[in-house]
Amino acid sequence: MTQKPTNPYLDLLSRHKATARKLKSEPIEGRKKKLKAMRRWVYQNRSLLHQAVFEDLHKPAAELDVTEIYPLLAELRHAIHRVKRWAAPKPVESGLTFLGTYSYVQAEPMGSTLIIAPWNYPLLLTLGPLVSAVAAGDTAVVKPSEMSAATSAIISRMVSELFDPDEICVIEGEVTTTTQLLELPFDHIFFTGSPTVGKIVMTAAAKNLTAVTLELGGKSPTIVDETADVHDAARKVCWAKWTNAGQTCVAPDYLFVHVKKKEQFLECLENELIHRYDDVCDYTHIINDKHEQRLKDLLSDAEQKGAKTFEPLELVGRMSPKLVLEVTDDMRLMQEEIFGPILPVLVYEDLEEVIQYLNHRPKPLALYLFTTSKANQRRVLTETSSGTAVINDAVLHFGHPHLQVGGVNNSGLGKAHGEAGFRAFSHEKSVLRQRRGYTIARLVYPPYNSFKIKLIDILLKYF
Ligand code: NAD
């Protein structure tokens, strides 16, 4: 009988578990020191990071600064200043029935964690969760995406310069590597990626009852209603959709525009695109040929089924922004997450149609509404569900350090960023402290004599 080969990362995990036990008693100052070292490294090696991400995505340096390096430094700064408060015990009320007790919730490190990251914001989405893991006092095995290999290599270098590999290490590799890592009983898995792989991660985690945070994707809708300021909406949609060439988890995936604003909005959007991306160097590449082909296939499927595509400007050597009109539900474009520079635009007359449409589809990661109507705002916020919602802007919320982000059902499980990230990587332990030799509960211990039965009646009636 052939024996199942031993998992190549088993020893690594036992070393991480041993370190995790030691980290539990490390003072918070130790965590802050590590976070400060990360901040220094990122700031001082900015040009190396620019080069690496450029190699992977041809991302302009300024765009990397704004969309990855700044949010990462802000996340680090935020954690450095607040981790002591986050980690402090949180007392809870005791009330009369718990007279004499003192209770609190104490965040303790989860222990050994696994971080699996995507390629689209390869720096931020790999190191952002690591900030939370370090703040929470965990060890971490970091698995960046194989598709953004240059950035993975620089992240690996940073981690090896700053951390003991038995505490934090980077494992690069493809699906086989991730599958092997997923077999192991980590204490927490933090995954960012597609809903399809999210299900694989959750299934694997279930075998060990490992806790998971799943930051997934999906089709985030945008609504421009009949009261919207279309110039403002076009400017913001243009930035949110075509930054990183649409390869953003919270990018507007498709857009509903009110019939009365359609012409004006499309004209503004075209002008905006021409103005923003006059210089091709300000526009990112599609990650690889496979993804570019996937996007072309989505477009040709839509065109074969009657959709009309417009290209407001041609960007040589890049996949240019595309607006697609006359789309229908049977097109793959309206069924799969686009994750590229293609924006289907649907026209509506009554907001009810849009709400019905959204409620018959998986709950998205983000929803954007451009409106000046308080009533429409209220309706969309209360009658639909999405991981996050933004009124009169788009994508901006993702960089807000005080605002947790995360999906709901198909778009994710659990929250990230700032304190929410810290909590995702912590176990919140409830502690009740009682005085020796005393407990009010003794009043209702058996035997149940008539006095105790009366007392229980009072308890049920008044407390
Ligand atoms: P992906 O799910 O294909 O890959 C994510 C990670 O999982 C990678 O590290 C990859 O190596 C690994 N992986 C891939 N296939 C696997 C398998 N069969 N078994 C185990 N591991 C596997 O996602 P992606 O293409 O890298 O990123 C795009 C997706 O991520 C989109 O759906 C996007 O919306 C989502 N995303 C979400 C967020 C968020 O914060 N919610 C952020 C960025 C991207």
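Numbering of ligands and ligand atoms starts at 1, following listing order.
- Those atoms of ligand 1 that come under 4.0 Å of a heavy atom in Leu365, given as number and element, are 41 (N).
- Note on ligand 1: Phe191 sits in its first shell, one or more heavy atoms being nearer than 4.0 Å.
- The part of Leu125 lying near ligand 1 is the side chain, judged by heavy-atom distances below 4.0 Å.
- Taking a cut-off of under 4.0 Å to the non-hydrogen atoms of Phe339, the atoms of ligand 1 that pass are 28 (C), 31 (C), 33 (C), 34 (O).
- Not one N or O of His291 is nearer than 3.5 Å to an N or O of ligand 1, by distance alone.
- Between Thr151 and Asp56, the side chains place a donor N or O and an acceptor N or O closer than 3.5 Å (distance only, hydrogens not considered).
- The residue among Gly412, Ala366, Ser220, Ser194 with a heavy atom at the shortest distance from atom 2 (O) of ligand 1 is Ser194.
- The shortest contact between atom 36 (N) of ligand 1 and any protein heavy atom is with Cys249 CB, 3.4 Å.
- Side chain of Arg31 to backbone of Ala135: a donor-acceptor contact under 3.5 angstrom is found.
- Near Asn120, meaning under 4.0 Å from any of its heavy atoms, are these atoms of ligand 1: 43 (C), 44 (C).
- Close contacts of ligand 1 with Ile116, meaning ligand atoms under 4.0 Å from a residue heavy atom, involve 6 (C), 7 (O), 9 (O).
- At a cut-off of 3.5 Å, with distance as the only test, no side-chain donor of Glu55 or Gln51 sits close to an acceptor on the other residue.
- No side-chain donor from either of Gln247 and Thr284 sits under 3.5 Å from a side-chain acceptor of the other.
- For the 3.5 Å distance criterion, the side chains of Glu63 and Thr243 fail to qualify, holding no donor opposite an acceptor.
- Judged by distance alone, the side chains of Asn208 and Thr210 never bring a donor and an acceptor atom under 3.5 Å apart.
- Contact atoms of ligand 1 toward Phe398: 40 (O) (distance under 4.0 Å to a heavy atom of the residue).
- Here the shortest heavy-atom distance to atom 6 (C) of ligand 1, taken over Pro144, Gly198, Ala117, belongs to Ala117.
- Using a 3.5 Å distance cut-off with no hydrogens or angles, the side chains of Ser220 and Tyr368 do not pair a donor with an acceptor.
- Heavy atoms of Ile200 found under 4.0 angstrom from ligand 1 belong exclusively to the side chain.
- Classification of the Phe425-His188 ring pair by plane angle, with boundaries at 30° and 60°, yields tilted.
- The protein atom (non-hydrogen) at minimum distance from atom 13 (N) of ligand 1 is Val197 CG1, 3.8 Å.
- The heavy atom nearest to atom 35 (C) of ligand 1, out of those in Gly193, Gly406, Ala204, Pro195, is found in Gly193.
- Protein heavy atom closest to atom 21 (N) of ligand 1, with residue, atom name and distance, is Thr178 CG2, 3.3 Å.
- The closest protein non-hydrogen atom to atom 19 (N) of ligand 1 is Val175 CG1, 3.8 Å.
- Among all protein heavy atoms, the one lying closest to atom 10 (C) of ligand 1 is Glu146 OE1, 3.7 Å.
- Counting protein heavy atoms only, atom 27 (O) of ligand 1 is closest to Pro118 CB, 3.5 Å.
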List the atom pairs, donor and acceptor, that lie under 3.5 Å between side-chain atoms in residues 79-87 and the rest of the protein, sequence neighbours left out.
{"unit_1": "His81", "atom_1": "ND1", "unit_2": "Arg77", "atom_2": "O", "d": "3.1"}
{"unit_1": "Arg82", "atom_1": "NH1", "unit_2": "His78", "atom_2": "ND1", "d": "3.1"}

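- Between the side chain of Lys219 and the main chain of Glu336, a donor-acceptor pair closer than 3.5 Å is present.
- Taking Lys261 as the reference, nothing meets the side-chain hydrogen bond (donor to acceptor under 3.5 Å, both in side chains) condition, with sequence neighbours excluded.
- Residue, atom and distance of the protein heavy atom nearest to atom 26 (O) of ligand 1 are Trp119 CD1, 3.0 Å.
- For atom 31 (C) of ligand 1, the closest heavy atom belonging to the protein is Glu337 OE1, 3.5 Å.
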